[in-house]
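Since the structure comes first, as structure tokens, the remarks are kept for the end.
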Amino acid sequence: MAKTALITGASQGIGAAIAKKLASDGFNIAVNCYSEREVKNGGNQVAEACRSLGVEAECFIGDVSSFDSCAGMTKAVKEHFGTIDVLVNNAGITKDGLLARMSEAQFDMVASVNFKGVFNMTRHVSGVMIRQRSGHIINITSVAGLYGNPGQFNYSATKAGVVGMTLTAAKELGPRNITVNAVAPGFIETPMTDVLTDEQKAAALSSVPLGRFGKPEDIAAAVAFLASDAAGYISGQVIVVDGAMSM
Ligand code: NAP
């Protein structure tokens, strides 16, 4: 039976690139979309691109910030494909602002998606993987969670929390033959970073020794390695993919 990968927030950006890369590696793909709007505005095209690579692919609507929604989505994916072998916790948002002016809502929104969302999905999907006695969980964190970033108090806190969840889950789930790792992107060209001003982009670029921003495919390559048999003895690690920006 073909293996299945479930990628959260996969209608665009890094998640879409991960879905297509894992499809090219032979995984059936569950494309999580936040709502029907994302299914129409990207999810369907991502699923179609995966199918054109010869695998099965379907969109599954689910809000990662909702425990019950994640339970329903996990059940639906398992029923549809029969197995969940790879979970990529990719969905994430930013609500940037300096700490002195950050509202409680700004903090809570980012925490509910980036931080609690990883708990919600990992809690449900790990149950499936424990019964299978195998699986790979890959969390998309950020260099902001490792080194901090002014204007991203909420975001960097959640991404640091994702690292903590990665390490603990690797220890708890390792005895069940489940690996848990994280990938920490630097500055990647996606809709998330498109909103930055030219001045902000120029400042970011000047700190990248490789002299270019990352592409979603750069992150997808690292995720695909961690999802492969070749990475079977790697767990509890954070792989930084940032063109040496944060060194
Ligand atoms: P993106 O283009 O904005 O994609 C994020 C995806 O997550 C969107 O499809 C979004 O759907 C979805 N999402 C948001 N809230 C959700 C929810 N509650 N439930 C399910 N899906 C939800 O961003 P990206 O740049 O590809 O980022 C992907 C991941 O990489 C994020 O975790 C981000 O923090 C991380 N990252 C990105 C960069 C970068 O430079 N781009 C750097 C470091 C880390 P909507 O379209 O509905 O919002």
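Start at 1 and go down the list; that is how both ligands and their atoms are numbered.
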Lys159, portion touching ligand 1 at heavy-atom distance under 4.0 Å: side chain

Between Thr193 and ligand 1, is there a nitrogen or oxygen pair with a distance under 3.5 Å? no

Nearest protein heavy atom to atom 16 (C) of ligand 1, by residue and atom, and its distance? Tyr34 CD1, 3.9 Å

Applying side chain to side chain contact (heavy atoms under 4.5 Å, CB included) between Val183 and each of Asn139, Asp218, Ile219, report the one that passes. Ile219

Separation of Glu58 CD from Asn44 CG (nearest 0.5 Å): 9.0 Å

Does Asn114 have a heavy atom less than 4.0 Å from any atom of ligand 1? no

Looking only at heavy atoms of Gly62, does any of them come nearer than 4.0 Å to an atom of ligand 1? yes

Salt bridge or not between Lys3 and Asp25? Use side-chain N to carboxylate O under 4.0 Å. no

Filtering Ser142, Ala91, Gly13, Gly42 for the heavy atom nearest atom 13 (N) of ligand 1 leaves Ala91

Look at the aromatic rings of Phe67 and His124 and report parallel, tilted or perpendicular, splitting at 30° and 60°. tilted

Does the protein put a heavy atom less than 4.0 Å from atom 10 (C) of ligand 1? no

Heavy atoms only, cut-off 4.0 Å: how does Ile188 contact ligand 1, side chain, backbone, both, or neither? both

Just how far is it from atom CZ of Phe60 to atom SG of Cys33, taken to the nearest 0.5 Å? 10.5 Å

Heavy-atom distance to atom 28 (C) of ligand 1: which of Asn90, Val64, Val46 wins? Asn90

Which of the ligand 1 atoms, numbered from 1, are nearer than 4.0 Å to a heavy atom of Ile93: 14 (C), 15 (N)

Under the 4.5 Å side-chain heavy-atom rule for ILVMFWY, direct or indirect, which residues accompany Leu53? none

Looking at Thr166, Val180, Val125, which one forms a side chain to side chain contact (heavy atoms under 4.5 Å, CB included) with Ile137? Val180

More than 12 non-hydrogen atoms from neighbouring residues, nucleotides or ligands closer than 6.0 Å to CE on Met102, yes or no? yes

Can you tell which part of Asp63 has a heavy atom less than 4.0 Å from ligand 1: side chain, backbone, both or neither? both

Hey, is Cys33 one of the residues with a heavy atom under 4.0 angstrom from ligand 1? no

Does even one non-hydrogen atom of Phe213 get within less than 4.0 Å of ligand 1? no

Mark yes when over 12 heavy atoms from residues, nucleotides or ligands other than Tyr34 sit less than 6.0 Å from its OH; otherwise mark no. no

So the atoms of ligand 1 within less than 4.0 Å of a heavy atom of Gly186 turn out to be 38 (C), 40 (O), 42 (C), 43 (C)

Given Ile140, Thr8, Val31, identify the one with the heavy atom nearest to atom 35 (C) of ligand 1. Ile140

Can a protein heavy atom be found under 4.0 Å away from atom 48 (O) of ligand 1? no

